[in-house]
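Everything on this sheet refers to the single structure shown next.
Each chain gets a letter, A, B and so on, in the order the sequences are listed, and its residues count up from 1. All values reported here derive from a predicted model rather than from experimental measurement.
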Protein chains: 2
Amino acid sequence: MTQLDLDPTNTRAADDTAAEPARLGRKRDHSRDADILDAAVDVLAEEGYDGMTIDMVAARAKAGKATLYRRWASKGELVIDAVACMKKDDLDLDRLPDTGTLRGDLIGMIKPRTLEEAEKKLQVMAGLMSVLARSPELSDAISQAIIEPRAEVNRILLRRAIERGEIAADCDVDTIALISPSMAAYRTLVLKKPVDREFLVSMIDGVILPAVGIRP
Amino acid sequence: MTQLDLDPTNTRAADDTAAEPARLGRKRDHSRDADILDAAVDVLAEEGYDGMTIDMVAARAKAGKATLYRRWASKGELVIDAVACMKKDDLDLDRLPDTGTLRGDLIGMIKPRTLEEAEKKLQVMAGLMSVLARSPELSDAISQAIIEPRAEVNRILLRRAIERGEIAADCDVDTIALISPSMAAYRTLVLKKPVDREFLVSMIDGVILPAVGIRP
DNA sequence: GATATCCGAAACTGGGCAGTACCGTATATA
DNA sequence: TATATACGGTACTGCCCAGTTTCGGATATC
């Protein structure tokens, strides 16, 4: 496979942060960035990092290959940005369910839209697995965009349950919060079974709630 | 990435199962097969499927590239055999701990040798993730060699606990048995933290035992 | 000892892909 | 309107790697 270009001297082609000296001529159409990154995410989910080619991404975004290289210095940079941009369509931490019980909150997080997003993110993660070990930058992007948001929601719901006195204050919030994300990843990637409502409910009632001391 | 060759007409070069018509000349040295497959597993763990090259495997096994192609028809076939051969150095289902308690049995499964093996297998799995979706044959090999053995051990220990009357007969053995394998995979591949004794014990006492109704 | 097949090593072939260069066209500034 | 740049598209370069071929030497059967 091709090396991820992580040389810090190879500055991003799309680095427009430097003070613009009022260049003239046609301006770059940044509204296309999102289309390209979305296309990259799609290809990544279907083909994986090594299977993804710049031509595939360009074709799917109906853009020229040169356009992509005008904005990102390398395939690696593009992928990192693509992964990071997945973060946007994610859970809103300010609008979490608040039903008064841990079970109600957890069940309230199960929404069809969320399940679809989660599945696609896991596909992307699978396609990047073999690269993870060799690119700390990509590893961080994955963690921030895919892993953390989901675990963070669970941690918040668990802490609220502790504050309510619903569950013991000494239970291992960090570990418990990782149960459903990791089991879901396993189920999707290894078992190739759907992560549907039924599965998540049985996970909540059969594992998570008993683990924090709530008996059905 | 290069296609896995799954064309059934492309018969394995090493297919010696056909009745040998007493060929003459030097015989193939099958004692080298194991060396080559072990080398393949090592490279696979370090580089992933796409990063692995036949030359790397040949060099590590101190063998010629042609020797590999005399025995396997393609890179894909070699990888499938390599994964399958990982199964050998695995848990012996006839020699499981039998301490009289579920906790004792689970703790008894934690052995340094086992932890090392498990970690390497997970690295291999990570390297094959992106290919999994496109090769049912490889998917099966992975499942048989890496996933199933570990889950099967847990299922056996759980069923024995049910027979003893230690835990409820209606608990979801299949789901519970997957908790530690999937959390371990998550911890190694995503969090990049070691799956050590401490982690596994906290998993047993903080998640698995509570989930089956045993309070500490 | 003749022959057939193995071996490791190395050269070679063919295809795929990252990255670059250039085209004619479109669109912005001056 | 002249100029500078972006655009989509295509052709090109250079490298890497799967798979093949060829070699001199080793080893087993006859």
Spacing between B/Asp50 atom CG and C/dC17 atom C1', to the nearest angstrom
13 Å
Quick note, A/Arg28 side chain, CB onward, closest among D/dA6, C/dT29, D/dA18 is D/dA6
From CE of A/Met52 across to C1' of C/dG19 the rounded distance in Å is 14 Å
Nearest-Å distance for atom pair CE/P, residues B/Met56 and D/dG19:
15 Å
Apply the test side-chain hydrogen bond (donor to acceptor under 3.5 Å, both in side chains) to residues B/Ser31 and B/Asp29: give CA-CA distance (whole Å), side-chain angles for both, the deciding distance (0.1 Å), then the verdict.
CA-CA 5 Å; B/Ser31 69; B/Asp29 179 8; 2.5 Å; yes
In whole angstrom, give the distance that lies between atom NZ of A/Lys27 and atom C1' of C/dA26.
16 Å
Sidechain N-carboxylate O distance under 4.0 Å for A/Glu116, A/Lys120:
no
B/Ser202 versus A/Asp172, side-chain donor and acceptor atoms under 3.5 Å:
no
Provide, to the nearest angstrom, the distance between the CG atom belonging to B/Leu78 and the P atom belonging to D/dA18.
11 Å
Indicate whether OP1 or OP2 belonging to D/dG8 is found under 4.0 Å from a side-chain N or O atom of A/Thr67.
yes
I want to check a possible cation-pi pair here: B/Lys75 against B/Tyr49, using under 6.0 Å from ring centre and within 45° of the ring axis as the test.
yes
Spacing of B/Asp29 atom CG relative to C/dT5 atom C1', expressed in whole Å
13 Å
Phosphate contact (D/dG8 OP1 or OP2) by A/Arg32 side-chain N/O below 4.0 Å:
yes
From CZ of B/Arg70 across to P of D/dT22 the rounded distance in Å is 13 Å
How long is the line joining CD1 of B/Ile54 and P of C/dA9, in whole Å?
16 Å
Looking at every strand, decide which applies to A/Asp55 at a 4.0 Å heavy-atom threshold: base, sugar-phosphate, or nothing.
nothing
So does B/Lys65 get a side-chain nitrogen or oxygen closer than 4.0 Å to the phosphate oxygens (OP1/OP2) of C/dA9?
no
B/Tyr69, nearest nucleotide to its side chain (from C/dG19, C/dG8, D/dA18)
D/dA18
Contact class for B/Ala66 (heavy atom, under 4.0 Å): base, sugar-phosphate, or nothing?
base
Between the base of D/dA6 and the side chain of A/Arg26, is one N or O donor paired with an acceptor at under 3.5 angstrom?
yes
Nearest of C/dA18, C/dA21, C/dG8 to any side-chain atom of A/Lys75?
C/dA18
Are B/Asp35 and B/Arg32 close enough, and set up right, to give a salt bridge (charged side-chain N to carboxylate O under 4.0 Å, His left out), and what steps lead you there?
CA-CA 5 Å; B/Asp35 297 323; B/Arg32 301 301 313 281; 3.3 Å; yes
